[in-house]
Amino acid sequence: MVIGVLLSGFLSGLFGTILALTAGFPIWVAILLYPMLGTLGAVGFITFAMTRSTDRVRADIPEFATEMR
């Protein structure tokens, strides 16, 4: 999970900086965008990881008689 947070933060910040520079923004704007977009990317990954459902019930696994109600 930590690797995912770090990687998503790094990649989103780097992608935003490169996109800002290719769009013609000044360098100081691109430098300011790196930590902002990196934080948003990391928070987005954490939000995605925390809202994932972990109680998936598989239909191909039979239930025991004591669990059926």
When you group the ILVMFWY residues by side-chain heavy-atom contacts below 4.5 Å and let the links chain together, are [Y] and [X] in the same group?
X     : Y     : result
Ile3  : Phe45 : no
Val29 : Tyr34 : no
Ile46 : Leu40 : no

Could you list the donor-acceptor pairs under 3.5 angstrom formed by side chains in residues 11-23, with sequence neighbours left out?
from	atom 1	to	atom 2	distance (Å)
Ser12	OG	Ser8	O	2.8
Ser12	OG	Gly9	O	3.2
Ser12	OG	Leu37	O	2.9
Thr17	OG1	Gly13	O	2.9
Thr17	OG1	Ala30	O	3.4
Thr22	OG1	Ile18	O	3.1
Thr22	OG1	Leu19	O	2.9

Q. In the hydrophobic clustering that connects Ile, Leu, Val, Met, Phe, Trp and Tyr at side-chain heavy-atom distances below 4.5 Å, which members other than Val2 occupy its cluster, ordered by chain and number?
A.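 So far as hydrophobic clustering goes, Val2 is joined with Leu6.
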
Q: Could you tell me whether Met1 atom CE has more than 12 heavy atoms of other residues or ligands within 6.0 Å of it?
A: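 For Met1, atom CE is crowded (more than 12 foreign heavy atoms under 6.0 Å).
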
